[in-house]
Asker: 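Here it is: the structure, laid out below.
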Amino acid sequence: MANDGAIDRAIRASGALVAVARQTFPLTVANADTEPFRLIGTAMLARGAGALESIAALAPRGYNTDSAVLLRVLTEHVIVFAWLSADPDRRVLLWLKEDARQRMAMHNDWLEGKPPLLDDWPRVWFERLKAVEGVMPDTRTCALQADECWLSRLPGVLSAATPETTLLGQYQVVFRSTSSSTHAGLMGLQPFIAETSLGTVVDLETSHAKELATTMAPVTYALGLHIASASLGYPEPAAIEAAVAELAAAEPP
């Protein structure tokens, strides 16, 4: 369980990282058709900033289970962003193909008799994407393949010696550990169940439940911002480092 000081520092670092990200937005992509990764990648950074800010906002409430779900969302976006940015010309098409497959599955499972979920034009486009050769790998493989690129390009940021600062390590430590909070299984219900001398008690989540998301989220998002700096040209690495320094800063008087 993280102590209060570590949580406070993480909240400050999260706010500082969101402030760094906000310097990029709003961003106009004039040639989205010819620069799809600049559009998609930047949107992923925006999605991640929102998740990070929400985790920090939930921390004082003690809603660690909900924060863990958001951390899982953030981690997946950072991993997929890193995977795309390693080879955008090839991988954006695979990502679009997988996105189309999922959206067609939703469309085909839509309520009978209701207006269709998708109009004709996206369905035609999605059908064309089936011709793209290959498939997008699962999230774990995306992390592994992203590391193959970024470990050598960002040696001061990613390190195989520290699992939390590799994308595969982020998957194994963060994505996997927060999976139980996402699904309706017994592990995800443990923070709401307590054994007492009077019997087993079910109650709302308390603030002393296991904490992970608040302290890990700024580390995860900072990795994404560093990869964005190298692949997209923003934000500035010095600004990211200054924000992350809040994690080790002394408590305010």
Asker: I need the minimum non-hydrogen distance between Leu52 and Ala217, along with the two atoms involved.
Answerer: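 Smallest interatomic distance, heavy atoms only, reads CD1-CB, 3.5 Å.
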
Asker: How long is the gap from CD1 on Ile11 to CD1 on Ile7, to the nearest 0.5 Å?
Answerer: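 Spacing of CD1 (Ile11) from CD1 (Ile7) equals 7.0 Å.
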
Asker: For Gln102, check side chain to side chain donor-acceptor pair (under 3.5 Å) against everything at least two apart and list the hits.
Answerer: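 With neighbours one apart ignored, the set is Glu98.
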
Asker: Which residues pass the side chain to side chain contact (heavy atoms under 4.5 Å, CB included) test with Leu247, sequence neighbours left out?
Answerer: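 Partners of Leu247 under the side chain to side chain contact (heavy atoms under 4.5 Å, CB included) test: Ala10, Ala13, Pro218, Val219, Val244.
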
Asker: Phe192 and Leu212: same hydrophobic cluster, using ILVMFWY side-chain contacts below 4.5 Å?
Answerer: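 In one cluster with Phe192: Leu212, no.
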
Asker: In the structure I gave you, are the side-chain heavy atoms of Gln170 and Phe175 within less than 4.5 Å of one another anywhere?
Answerer: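 No - every pair of side-chain heavy atoms lies 4.5 Å or more apart.
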
Asker: Report the residues that fulfil side chain to side chain contact (heavy atoms under 4.5 Å, CB included) with Ser152, sequence neighbours left out, ordered by chain and then residue number.
Answerer: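 Ser152 satisfies side chain to side chain contact (heavy atoms under 4.5 Å, CB included) with no residue once adjacent residues are dropped.
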
Asker: Would you say the side chain of Pro122 lies within less than 4.5 Å of the side chain of Asp119, judging by non-hydrogen atoms?
Answerer: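 Yes, their side chains come closer than 4.5 Å.
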
Asker: Give a yes or no on whether Val173 and Ile55 share a hydrophobic cluster (residues Ile, Leu, Val, Met, Phe, Trp, Tyr; joining criterion: side-chain heavy atoms under 4.5 Å apart).
Answerer: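 Yes, Val173 and Ile55 fall within the same hydrophobic cluster.
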
Asker: Honestly curious: do Met104 and Leu111 fall in one hydrophobic cluster under the side-chain, below-4.5 Å linking rule?
Answerer: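 Cluster IDs for Met104 and Leu111 differ.
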
Asker: Has the side chain of Glu246 got a donor or acceptor atom that lies under 3.5 Å from a matching backbone atom of Ala16?
Answerer: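 Not confirmed, Glu246 side chain does not pair with Ala16 backbone.
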
Asker: Supply the atom-to-atom distance Ile240 CD1 to Ser229 OG, rounded to the nearest 0.5 angstrom.
Answerer: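 That separation rounds to 5.0 Å.
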
Asker: Checking Arg90 now: which residues fulfil side chain to side chain donor-acceptor pair (under 3.5 Å) with it, not counting sequence neighbours?
Answerer: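 With sequence neighbours excluded, Arg90 shows a side chain to side chain donor-acceptor pair (under 3.5 Å) to no residue whatsoever.
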
Asker: List, one per line, each side-chain donor-acceptor pair under 3.5 Å for residues 181-191, sequence neighbours excluded.
Answerer:
residue: Thr182; atom: OG1; partner: Thr178; partner atom: O; Å: 3.2
residue: Gln190; atom: NE2; partner: Leu186; partner atom: O; Å: 3.4

Asker: Locate the shortest heavy-atom distance separating Ala51 from Leu70; write the atom from each residue and the value.
Answerer: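 Taking Ala51 first and Leu70 second, the nearest heavy atoms are CB-O, 4.1 Å.
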
Asker: Restricting to side chain to side chain contact (heavy atoms under 4.5 Å, CB included), what partner residues turn up for Thr162, sequence neighbours left out?
Answerer: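 So Thr162 forms a side chain to side chain contact (heavy atoms under 4.5 Å, CB included) with Ser159, Glu164, Thr165.
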
Asker: What pairs of residues pass the ring pair (Phe, Tyr, Trp, His ring centres under 6.0 Å) test when at least one of them lies in residues 104-136, not counting sequence neighbours?
Answerer: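 Residue pairs with at least one partner in residues 104-136: there are none.
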
Asker: Side-chain polar contacts of residues 39-47 - donor-acceptor pairs under 3.5 angstrom, sequence neighbours left out - could you list them?
Answerer:
residue: Thr42; atom: OG1; partner: Arg38; partner atom: O; Å: 2.6
residue: Thr42; atom: OG1; partner: Tyr234; partner atom: OH; Å: 2.7

Asker: Using 0.5 Å steps for rounding, measure from the CG atom of Leu158 to the NE2 atom of His226.
Answerer: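 Nearest 0.5 Å value for the CG-NE2 distance: 9.0 Å.
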
Asker: Return all side-chain donor-acceptor pairs below 3.5 angstrom for residues 127-144, not counting sequence neighbours, or 'none' if the list is empty.
Answerer:
residue: Glu127; atom: OE1; partner: Lys130; partner atom: NZ; Å: 3.2
residue: Glu127; atom: OE2; partner: Lys130; partner atom: NZ; Å: 3.3
residue: Asp138; atom: OD1; partner: Arg140; partner atom: N; Å: 3.4
residue: Asp138; atom: OD1; partner: Thr141; partner atom: N; Å: 2.8
residue: Asp138; atom: OD1; partner: Thr141; partner atom: OG1; Å: 2.7

Asker: Identify, with sequence neighbours excluded, every residue that meets side chain to side chain contact (heavy atoms under 4.5 Å, CB included) alongside Asp66.
Answerer: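 For Asp66, the residues satisfying side chain to side chain contact (heavy atoms under 4.5 Å, CB included) (neighbours in sequence not counted) are Leu58, Tyr63.
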
Asker: Show the nearest heavy-atom pair for residues Ala146 and Leu167, with the distance to one decimal.
Answerer: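 Between these two residues, the closest heavy atoms are CB-CD1, 3.5 Å.
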
Asker: Which salt bridge (charged side-chain N to carboxylate O under 4.0 Å, His left out) pairs, counting each pair once, include a residue from residues 102-115, with sequence neighbours left out?
Answerer: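 Residue pairs with at least one partner in residues 102-115: Asp99-Arg103.
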
Asker: Measure across Ala160 and Leu151 and return the closest heavy-atom pair with its distance rounded to 0.1 Å.
Answerer: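 Closest approach of Ala160 to Leu151: N-CD2, 3.8 Å.
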
Asker: Let me see the working for Leu232 and Phe37 under side-chain contact (heavy atoms from CB on, under 4.5 Å), right down to the final yes or no.
Answerer: CA-CA 9 Å; Leu232 294 171; Phe37 175 63; 3.5 Å; yes

Asker: To the nearest 0.5 angstrom, please state how far the OG atom of Ser67 sits from the CD atom of Glu205.
Answerer: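 One gets 8.0 Å once the value is rounded to the nearest 0.5 Å.
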
Asker: Using the rule that Ile, Leu, Val, Met, Phe, Trp and Tyr join whenever any side-chain heavy atoms are under 4.5 Å apart, tell me whether Val157 and Leu225 fall into a single cluster.
Answerer: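 As far as the 4.5 Å side-chain criterion goes, Leu225 and Val157 are connected within one cluster.
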
Asker: Under 3.5 Å, which donor-acceptor pairs do the side chains of residues 76-87 form with other protein atoms, sequence neighbours left out?
Answerer:
residue: His77; atom: ND1; partner: Val73; partner atom: O; Å: 2.9
residue: Trp83; atom: NE1; partner: Gln145; partner atom: OE1; Å: 2.8
residue: Ser85; atom: OG; partner: Phe81; partner atom: O; Å: 3.1
residue: Ser85; atom: OG; partner: Ala82; partner atom: O; Å: 2.9
residue: Ser85; atom: OG; partner: Trp150; partner atom: NE1; Å: 3.3

Asker: Report the distance from atom OG1 of Thr215 to atom CZ of Arg9, rounding to the nearest 0.5 Å.
Answerer: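 Thr215 OG1 to Arg9 CZ: 10.5 Å, rounded to 0.5 Å.
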
